[in-house]
Amino acid sequence: MITLKSISHDYPGGHRIAFKDWQINRGDQWLLLGESGSGKTTLLHILTGILKPSAGEVVINGTSIYGLSSKALDQFRGRNIGIIFQRPHLIKSLSISDNLVLAQSFAGLPTDLDRVNEVLTSLGIADKKKAYPNELSQGQLQRVSIARAVINKPELVIADEPTSSLDDKNATAVLELLLQQSAINQATLVIATHDKRVKDAFTNTYELA
Ligand code: ADP
Ligand code: MG
């Protein structure tokens, strides 16, 4: 379970964003809705340990994450949280397979090529294992981003506007894969979007003013 309590963040220039409290239960699938500039990315960064809020607390399974040392927090994130950004962030000089192996290594886990194959197969891109990122389409790259996010079977999968750079067909496919992958791995899923195409697939929504 994750709880966010009394969170607010002050950006330079006196810009403050206050967030309402949020409780996310294991296995929930949430949509985080809000217009551009409403604070979605800020909230996801606070939720995932990337940005320490100016006030308030984030507790994940009993651990107040900003009480951890930065090294402990990095490892906690690598093992427990998978993040999918708006645009794929992959290492261009590494093959798709090696990008996934790197994600295992960042989390302090041994190389597990069977797991790499399993994830790529379930996402329908096993044939791209030896390819490099610049040889893939946007839709395929977003699948690789999902693969990297779920490779270590994290409890929490976070996606920040994962469909905004995709056409309708790829957007639908990416959403279905996110829902399917989080179910397979029994992960909690939070997807931020301003994309109204996405809304119907979800029962839990957290809306930013
Ligand atoms: P969203 O993801 O919903 O578009 P963001 O969380 O990126 O919203 O931004 C929320 C608000 O905080 C915006 O007004 C934005 O300009 C401001 N903001 C975001 N990052 C910074 C920053 N590094 N410095 C100053 N202001 C920022
Ligand atoms: Mg954003």
Side-chain angles (χ1 to χ4, degrees), residues 2-24 28-60 64-66 68 70 73-74 76-78 80-90 103 133 138-139 141-150 154 156-168 170-179 181-182 187-209:
I2 303 166
T3 55
L4 277 80
K5 237 183 117 210
S6 311
I7 302 277
S8 66
H9 194 67
D10 295 309
Y11 279 116
H15 183 60
R16 163 170 295 189
I17 313 178
F19 298 98
K20 56 186 181 187
D21 290 355
W22 195 1
Q23 182 179 317
I24 302 171
D28 277 359
Q29 297 179 324
W30 283 86
L31 208 55
L32 168 58
L33 289 168
E35 297 302 313
S36 184
S38 61
K40 298 181 296 298
T41 297
T42 302
L43 184 56
L44 290 184
H45 285 178
I46 290 170
L47 175 62
T48 52
I50 293 172
L51 178 69
K52 185 178 199 275
S54 308
E57 206 182 13
V58 178
V59 180
I60 303 185
S64 180
I65 61 170
Y66 292 102
L68 297 171
S70 65
L73 183 53
D74 281 346
F76 180 86
R77 195 188 306 122
N80 299 296
I81 305 177
I83 306 176
I84 296 138
F85 297 97
Q86 196 161 350
R87 281 168 197 285
H89 289 218
L90 298 166
Q138 275 299 314
L141 287 171
Q142 206 54 313
R143 284 172 200 229
V144 178
S145 304
I146 296 173
R148 192 188 46 186
V150 302
L156 175 62
V157 174
I158 298 284
D160 191 358
E161 308 217 38
T163 61
S164 59
S165 64
L166 302 176
D167 58 29
D168 282 355
N170 275 306
T172 305
V174 160
L175 269 182
E176 279 171 3
L177 288 168
L178 274 169
L179 287 161
Q181 287 294 320
S182 57
T188 307
L189 178 67
V190 178
I191 301 181
T193 188
H194 68 268
D195 187 345
K196 299 284 190 263
R197 293 176 297 185
V198 168
K199 201 170 175 176
D200 297 341
F202 289 81
T203 47
N204 295 311
T205 55
Y206 178 107
E207 291 197 43
L208 288 167

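Quick note: residue numbers are just sequence positions, from 1. A quick note: this is a predicted structure, and the numbers were derived from the prediction, not measured. Order of appearance sets the numbers: ligands from 1, and atoms from 1 within every ligand.
No side-chain heavy atom of W22 sits less than 4.5 Å from a side-chain heavy atom of I2.
Protein heavy atom closest to atom 24 (N) of ligand 1, with residue, atom name and distance, is Y11 CD2, 3.5 Å. Here the protein heavy atom with the shortest distance to atom 10 (C) of ligand 1 is G37 O, 3.4 Å. Atom 8 (O) of ligand 1 has G39 N, 3.1 Å as its closest protein atom, hydrogens excluded (heavy atom only). Of all protein heavy atoms, the one lying nearest to atom 7 (O) of ligand 1 is T41 CB, 3.8 Å. Nearest to atom 14 (O) of ligand 1 among the protein's heavy atoms is H15 NE2, 3.3 Å. Among protein heavy atoms, atom 9 (O) of ligand 1 sits closest to T42 OG1, 3.9 Å.
Protein heavy atoms are found less than 4.0 angstrom from atom 26 (N) of ligand 1.
Among the atoms of S36, no N, O or S atom is found under 2.8 Å from the Mg ion (ligand 2).
The line from OG of S38 to CD of E207 is 10.0 Å long, rounded to the nearest 0.5 Å. Going from atom NE2 of H9 over to atom CG of L43 covers 11.5 Å, rounded to the nearest 0.5 Å. Considering CG of L47 and CD1 of I81, their distance stands at 6.5 Å, rounded to 0.5 Å.
Near I17, the atoms of ligand 1 lying under 4.0 angstrom from a non-hydrogen atom of the residue are 10 (C), 11 (C), 12 (O).
Heavy-atom proximity to atom 3 (O) of ligand 1, evaluated over R16, K40, H9, is greatest for K40.
Within 6.0 Å of NE2 in H45 there are more than 12 heavy atoms belonging to other residues, nucleotides or ligands. By the 6.0 Å contact criterion, NZ on K20 is enclosed, its count of non-hydrogen atoms from other residues, nucleotides or ligands being greater than 12.
The closest approach between a heavy atom of E35 and any atom of ligand 1 is below 4.0 Å. Not close to ligand 1: G34, with no non-hydrogen atom less than 4.0 angstrom away. Note on ligand 1: D160 sits outside its first shell, no heavy atom being nearer than 4.0 Å.
Considering only residues two or more places apart in sequence or on other chains, Y11 meets the side-chain hydrogen bond (donor to acceptor under 3.5 Å, both in side chains) condition with T42.
The two residues S182 and Q29 come nearest to each other via the heavy atoms OG-NE2, 3.3 Å.
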* Determine, step by step, whether K5 and D21 satisfy the salt bridge (Lys or Arg N to Asp or Glu O under 4.0 Å) criterion, reporting the C-alpha distance in whole Å, the side-chain angles of both residues, the deciding distance to 0.1 Å, and the verdict. => CA-CA 5 Å; K5 237 183 117 210; D21 290 355; over 6 Å; no
